[in-house]
Amino acid sequence: MCGIVGYIGTRKVVPILLEGLKRLEYRGYDSAGLVYITNGKLVKYRAEGKLSSLERNVEAILGVESHVGLGHTRWATHGAPTTANAHPHGDCSDNIVVVHNGIIENYRALKETLQKKGHVFRSETDTEVLAHLIEEHLEEDIVLATRKALKQVQGSFAVGILWKGRPDIIVAARSHSPLVLGIQNGEGNLLASDVPALLPYTRRVVFLEDNEIAVLAKERWEVRQISNGRRVQKEVQTVTWNAGMAEKSGFKHFMLKEIYEQPQALVNTLRGRLEPQSGRVELPELGELETSLKEISRIAIVACGTSWHAALVAKYWLEDWVGIPVEVDIGSEFRYRRLLLDKNVLTLSISQSGETADTLAGTRLAAKLGSAIITICNVVGSTMTREADATLYTHAGPEIGVASTKAFTSQLAALFLFASYLGQLRGTLPADKARKLGHAIIELPTLLEESLDTIQQKIAVIADRFYDSRNFLFVGRGLSFPIALEGALKLKEISYIHAEGYAAGELKHGPIALIDKDMPILGLVPRDSIYEKSISNIEEIRARHGQLILIGSEGDRNLKTITDHVLFMPQPQTMVAELNPILFTIPAQLLAYEIATRRGCDVDQPRNLAKSVTVE
C-alpha cells in the first residue's frame, strides 16, 4: 500500500520520481505527489486520482534543475483521497516535507498537543503530524529532530524527509513498513518502498530494518538506530531481478503477462530442489531446522487472501503425505484468539511481498510463544524473510498486477516441495509416491506452456456469454475447493462482480437457494477420488436450471452431456490428482481476466485494492 520513491544525485530528479512512482503503481493508490528542492525552496505538486493527473501537472517542469526530491502514491486511510490529503505534507512554514507509508496510531493525541502549541494543520491525515513533530524538535540537526519525533510515534511508518536547510541530504526511516535504499557508485542514491522502483538505476540495495534511520547524500549513505543514533553496518545486496522483468513485454496488461509467465515461474521455483528421477526434494535452506522438523507435532499456517488459499491446498498435502495435523488461519484473525503454540509446533507463514502486516504480526507472536517460523515468500530481504528462522523462496520474479497469479502458483509449487520434503524427512511419504509426484510436477510447466493459448481462446468464448452477470458461484470439492475460493476472489477483485466460492457439498446447506436460470456456476470437476460426489452436486445445480460452466479433465465425456460450457484441461502422462490445484487455477484466472477486460475494468490496478497490504 502506498509508494515512496526518492533520489539525490547528479541527474534531474523529476523524471526519476515519476518513473519510480509508475513502477510502484501496482501497490494501489488513489492520489499522488512529489517535491523537490530548487534555488533553496521546496516545490510541491499533488493530484487526486491516477499518476497521469500528477504527470499533467508537472509536464512543464520535467527539466527543472533539481537533483533531490521525493515522490509518493497514497492509499487513503485517514482522510478522503483529495489533493489536500495527498503527500507530501509540510510543517507550518513548509520548510520540512514528509512522505509516509503506514499508520500513526497516536496521531490524535500528538495533533492536539501540537495544536495547543500553535501548529496549524492543513489536512485530515495522520502523516502531517510527523512534519509538525519534526518542526517542534528541529534546531540545527534534521536527523536528530527526526529521531526525537519518531520516538514519540506509535504505529507503523516508512518515511522520507526533506528540509530546505539541508538540500544535500534525504532522511529516511522505517518501522513495520518496508523501505529499501538503492546504492549507486557516485551517481547518487535512491530510496523506495519496493525494489521495482530502483531497477532502472541500480540492483545494489540495502534493506532497512525496523527502527532504523538512513541519511542519503549524492556520494554517501549511512544507517543508524533511531533509539540511540548508533551507526549500523549494513550489507549491500544485489537483487537478481532486472528492469525488463517489470515491463509488459507486449502484453496488454501485467496480469495477462504474469499468467503466461507461470510455466517459467514454476520451473524457477522447482529448479535445483527436486531430483527428477527419484522425486527426492532437497531444501538446504531448511537444513538448520531438520532435527526440529522431525519432532514437531503440529503445523500452524498463517496467510492472507490468495496466500491463504494456497495454505488451504497445503493442508491437504501435508496431512496426506506427512500425517501431521495442520491448522490454517487467516492472518487478521490468527493473533486474536488464544494461540496454543510452543516449540513443538511449526508456524508456516506465506506472503508474496513478505510485508503483509497481519501475517507478520501473527508470526511475531508465534515466535514469542516458542514456535519456529518458516516463511514462503517471493521478495528477497523482505521483513518476514529476515525475521523467520528459515525462508523458502518462490522465484516468480516481480509481480506487478494487484491480483496475484504467478505468485500463487509459485507458492503452490513451494508448498508442494515443502510437503514432499517433510514427508521424505519423516519417512511418511513412500518412495514410489514421491517419485510419481516429482515426475508429475516436472511435466506441468511444459504442458501449461503448450496449452495456455488454447485455454485462453476457449475461456474467451465463455467470457463473451457471461461477462455481464451480476453474481457468480465457484464450486469444488477436496483440493478443488480452495481453487474455487481463489477463482471467486480473482473475479470479484478485478471485474467487481459479486462472486463466492463454496465447497460443492455445502450448496444444499443454504447457497442452493440462490440458484436459478440467471445464476452462472463454475464447477471444478477433475477426475479424482471424489469425482462421483462432485458430479452429484453438479446434477443438483442442473436440476435447478443453473447456468453451468464446467472445468474438467481431458477425456471426460460425461461433462458434455451436462452443459455446453465445458473446458477440458490437458493431463500430463504421469498426472496425479494432487496437482490439480496448480493446473485448474489457470482457467479460473483467465476467466476473471477476460470478463474484466470486457467490462472495461482496470485489470492491473482494481479500485480500493493494494498489492502489498502493510496496514492492519
Q) Hey, what do you get for CG (D528) to CZ (F584), rounding to the nearest 0.5 Å? A) 8.5 Å
Q: Going by the side-chain contact (heavy atoms from CB on, under 4.5 Å) test, name the single residue among L256, T405, I459 that passes it with Y593.
A: L256
Q | Residue E288 excluded, over 12 heavy atoms near CD under 6.0 Å | A | no
**Q.** T363 vs T375 side-chain heavy atoms within contact, under 4.5 Å
**A.** no
Q) Which atom pair, heavy atoms only, marks the closest approach of D556 to V525? A) OD2-O, 4.4 Å
Q: Check each of N378, T269, T409 against T394 using the side-chain hydrogen bond (donor to acceptor under 3.5 Å, both in side chains) test, and report the only one that passes.
A: N378
Q) Given I350, which of L415, V328, L392 fulfils the side-chain contact (heavy atoms from CB on, under 4.5 Å) condition? A) L415
Q) In Å, rounded to the nearest 0.5 Å, how long is the span from CG of L579 to CD of E443? A) 10.0 Å
Q) If only atom types and distance count, is the side chain of H439 paired as donor or acceptor with the main-chain N or O of Q277 below 3.5 Å? A) yes
**Q.** Residue pair E355 / S177, side-chain donor-acceptor N/O under 3.5 Å
**A.** no
(Q) Do V402 and D604 have side chains that approach each other closer than 4.5 Å (heavy atoms only, starting at C-beta)? (A) no
Q | Exercise: do T391 and T385 side chains pair donor with acceptor under 3.5 Å | A | no
Q: Locate the shortest heavy-atom distance separating A419 from V322; write the atom from each residue and the value.
A: O-CG2, 3.6 Å
Q: Before accepting this row, confirm whether a basic side-chain N of the pair K406/E261 lies closer than 4.0 Å to the acidic partner's carboxylate O.
A: yes
Q | Evaluation steps, side chain to side chain contact (heavy atoms under 4.5 Å, CB included), between F416 and W321 | A | CA-CA 10 Å; F416 167 92; W321 305 343; 3.6 Å; yes
Q | Closest approach of P526 to N580 (non-hydrogen atoms, all atoms of both residues) | A | CB-ND2, 3.4 Å
**Q.** Interatomic distance, M519 atom CE to S469 atom OG [nearest 0.5 angstrom]
**A.** 9.0 Å
Q) Would Q424 and S420 count as having a side-chain donor-acceptor pair, cut-off 3.5 Å? A) yes
Q. In terms of heavy-atom contacts, does NZ of K533 have more than 12 from other residues, nucleotides or ligands at under 6.0 Å?
A. no
(Q) Between L473 and L522, is there a side-chain heavy-atom distance shorter than 4.5 Å? (A) no
Q: Give the minimum heavy-atom separation between V302 and T359, together with the two atoms involved.
A: O-CG2, 3.7 Å
Donor-acceptor list for residues 494-508 side chains, cut-off 3.5 Å, not counting sequence neighbours:
| residue | atom | partner | partner atom | Å |
| --- | --- | --- | --- | --- |
| S495 | OG | L491 | O | 2.5 |
| S495 | OG | I497 | N | 3.3 |
| Y496 | OH | R607 | N | 3.0 |
| H498 | ND1 | N471 | OD1 | 3.0 |
| H498 | NE2 | E500 | OE2 | 2.9 |
| K508 | NZ | G505 | O | 2.9 |

Q | Any donor-acceptor N/O pair, R599 side chain to Y467 backbone, under 3.5 Å | A | yes
Q) L369 versus D342: any side-chain heavy-atom pair under 4.5 Å? A) no
Q | Where at least one partner belongs to residues 307-334, residue pairs that pass salt bridge (charged side-chain N to carboxylate O under 4.0 Å, His left out), sequence neighbours excluded | A | R298-E327, K315-E319, E327-R337, D329-R337
Q | Side chains of E449 and Y260, donor plus acceptor under 3.5 Å | A | no
**Q.** Any donor-acceptor pair under 3.5 Å from T306 side chain to F408 backbone
**A.** no
Name every donor-acceptor pair, under 3.5 Å, that has one atom in a side chain of residues 474-484 and the other anywhere in the protein, sequence neighbours excluded.
| residue | atom | partner | partner atom | Å |
| --- | --- | --- | --- | --- |
| R477 | NH1 | N537 | OD1 | 2.9 |

Q) Is a donor on one side and an acceptor on the other found under 3.5 Å between the side chain of S371 and the backbone of K343? A) no
Q: Report yes or no: do S292 and E295 form a side-chain donor-acceptor pair below 3.5 Å?
A: no
Q. Would R435 and E275 pass as an ion pair if we require N to O under 4.0 Å?
A. no
Q | From CZ (F418) to CD1 (I301), nearest 0.5 Å | A | 8.0 Å
Q: Scan side-chain atoms only and decide if D453 and Q457 contain a donor-acceptor pair under the 3.5 Å cut-off.
A: no
Q. With no hydrogens and no angle check, is any side-chain donor or acceptor of Q605 less than 3.5 Å from a backbone partner on D602?
A. no
Q: Could you walk me through whether Y531 and N558 pass side chain to side chain contact (heavy atoms under 4.5 Å, CB included), step by step?
A: CA-CA 11 Å; Y531 172 78; N558 188 33; 3.5 Å; yes
Q. Is there a side chain to side chain contact (heavy atoms under 4.5 Å, CB included) between R465 and Q547 once you walk through the steps?
A. CA-CA 10 Å; R465 168 67 178 81; Q547 296 295 308; 3.1 Å; yes
Q. Measuring from L286:CG to Y421:OH, what's the distance to the nearest 0.5 Å?
A. 5.0 Å
Q: State, to 0.1 Å, how close E493 and P606 come at their nearest heavy-atom pair, and which atoms those are.
A: O-CB, 3.1 Å
Q. Quick check: does any side chain N or O of T561 sit under 3.5 Å from a backbone N or O of R557, one acting as donor and the other as acceptor?
A. no
Q. Taking the side chain as C-beta and beyond, is there a heavy-atom pair between E387 and L360 under 4.5 Å?
A. yes
(Q) Can you confirm whether K560 is buried at NZ, in the sense that more than 12 heavy atoms of other residues, nucleotides or ligands lie under 6.0 Å from that atom? (A) yes
Q: Kindly check if the number of other-residue, nucleotide or ligand heavy atoms within 6.0 Å of CZ (F466) is above 12?
A: yes
(Q) I'd like to know whether NZ of K436 has more than 12 heavy-atom contacts from other residues, nucleotides or ligands below 6.0 angstrom. (A) no
**Q.** Donor-acceptor under 3.5 Å (T597 side chain, E594 main chain)
**A.** yes
Q.
salt bridge (charged side-chain N to carboxylate O under 4.0 Å, His left out), that's the test. Do E285 and R273 meet it? Break it down for me.
A. CA-CA 10 Å; E285 50 267 75; R273 292 166 162 174; 2.9 Å; yes
Q | Carboxylate-amine/guanidinium contact R544 E540, below 4.0 Å | A | no
(Q) I need the E486 CD to K490 NZ distance, nearest 0.5 Å. (A) 3.5 Å
Q: Please examine the side chains of Q589 and I586, heavy atoms only from C-beta on, and report whether any two atoms are closer than 4.5 Å.
A: yes
Q: Verify the distance criterion only: is there a donor paired with an acceptor across the side chains of S404 and Q352 at less than 3.5 Å?
A: no
Q.
Can you confirm whether M569 sits close enough to P587 that some side-chain heavy atom of one is under 4.5 Å from a side-chain heavy atom of the other?
A. yes
Q) Side chains of I535 and L559: closer than 4.5 Å at any heavy-atom pair? A) yes
Q: Step through the shown structure and confirm whether more than 12 heavy atoms of other residues, nucleotides or ligands are within 6.0 Å of CG on D468.
A: yes
Q: Evaluate the side chain to side chain contact (heavy atoms under 4.5 Å, CB included) criterion for residues I374 and D389: first the C-alpha distance (whole Å), next the side-chain angles of each, then the deciding distance (0.1 Å), finally the verdict.
A: CA-CA 6 Å; I374 294 177; D389 295 294; 5.8 Å; no
Q | Residue pair D358 / C304: nearest heavy atoms and the distance that separates them | A | CB-SG, 4.0 Å
